[in-house]
Amino acid sequence: MRQAFRASLLHCLADPGEGSAPSAVEFIEDGLLVVENGIVLEAGAAPTLLTQLADNTKIVEYNGKIIVPGFIDCHVHFPQLDIVASYGEQLLDWLNRYAYPAEAKFAHLEYAREIAGVFLDELLKNGTTTALVFGTVHKHSADVILQAAESRGMRLIAGKVLMDINCPEELQDTPESGYAESKALIEQWHGRARLGYAITPRFAITSSDQQLQAAGRLAREYPDVWMHTHLAENKAEVDLIAQRFPKSRSYLDVYDQFGLLRERSVFAHCLHMNEEDRQCMAAKGGAAAFCPTSNLFLGSGLFDLRAMRAANIRVGMGTDIGGGTSLSLLRTASEAYKVLHLQDEALPASRALYLATLGAAEALYLEDKIGNFESGKEADFVVLDPAGSSLSKRRTDVATSLEESLFALTMLGDDRNIAATYVAGKRVETRERQ
Ligand SMILES: [Zn+2]
């Protein structure tokens, strides 16, 4: 069925950079997004396109709203939904005190299934249509989240966590079981519907050398499968890595030695890296997930976007729930602005949009499928409502330019500003709205 959506259209064609390059962003004030069978046919000026549409095309009007591509979350843990906003610890203590007990509850299949559904509904309510998701060590954690994504028609990548040392015994797998279960999950899920699999070692601290080797073997055997882990988040973590791997040049080098740094490898955080690491990551095609709410909440450090992009590293944003504090990529972008401001770096609203859409698609090597409204891409999109809250309405009412309005919306926005979310051209009803 052919449908057309009339509103202002806004999407990125490239990285606008710190100067908000106008050619990198397309804004069509009276726009029309034409969709057929879940695919974008065309995006352009409504007065022109309306004259060319077949008579039976259904037109949906969103007056005063802005349609942007669906948001993409490059790093998030669905089993940590219920420990978001847990007080007072830095990474390693936070894992022991909050994250591991929460993940242990996922031994129960029905509980895991329930949280998977709740989690995806929360993502969609926030305008997020694709995510790269950590499960738990339990094989069925990947099954339930991928099943839930399939039933919602979402493009989603997830994996069962690999961890066999330095964590509670009940959450440990073994090099052999982790390898075999990941392989079975890849065979079952990777490439099915809109789903992908990510080999998911938690971080180098919680995997033995044997397990990192097994993960590297999987990464070689399945080059189009993703690899998803954490890197250089916290100083105590970086020190532990240096002690355990004295022969490695750096933390990144540890992953590289085990064959885990390649295209489709996504590393969350990347806070404590030097230029040699950045050049190495760029050369091998690794990508970074910038998780500002988490980095501030856990007191981990500040992500250097300018240095990462100067090295040509692919970067998307991640919410990193439960270390992060919101599933909203608008709220995440607001914190990203502040993190960069502290380092004398600029984040124009158009670049924040890029990091949440096309940049994230590039980080996931999905830019041929999602991230903007080029013809032939999948029609995942969000209807932004500048008047979603009384304050955002007042502020955007007095804005004199798109950049000003979008910036205010980025600073003030949250799920109240998401009027509708569409997955493959179909409107998703989140539970609150039913
Ligand atoms: Zn994380």
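Numbering of ligands and ligand atoms starts at 1, following listing order.
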A.B. asks: Among E263, E367, E362, which residue meets the salt bridge (Lys or Arg N to Asp or Glu O under 4.0 Å) test with R314?
C.D. replies: E367

A.B. asks: Could you tell me the separation between the CG atom of L327 and the OG1 atom of T319, rounded to the nearest 0.5 Å?
C.D. replies: 5.0 Å

A.B. asks: Decide if atom CZ of R278 counts as having more than 12 heavy atoms of other residues, nucleotides or ligands within a radius under 6.0 Å.
C.D. replies: yes

A.B. asks: Does S8 reach the side chain of F27, with side-chain heavy atoms less than 4.5 Å apart?
C.D. replies: yes

A.B. asks: Could you check L412 against F407 for side-chain contact (heavy atoms from CB on, under 4.5 Å), going step by step and ending with a plain yes or no?
C.D. replies: CA-CA 9 Å; L412 303 173; F407 182 74; over 6 Å; no

A.B. asks: Walk me through it: do M281 and L252 pass the test side-chain contact (heavy atoms from CB on, under 4.5 Å)?
C.D. replies: CA-CA 8 Å; M281 186 184 267; L252 179 68; 4.0 Å; yes

A.B. asks: With 2.8 Å as the threshold, which protein atoms of type N, O or S lie near the Zn ion (ligand 1)? Leave waters out.
C.D. replies: H75 NE2, H77 NE2, H230 NE2, D320 OD1

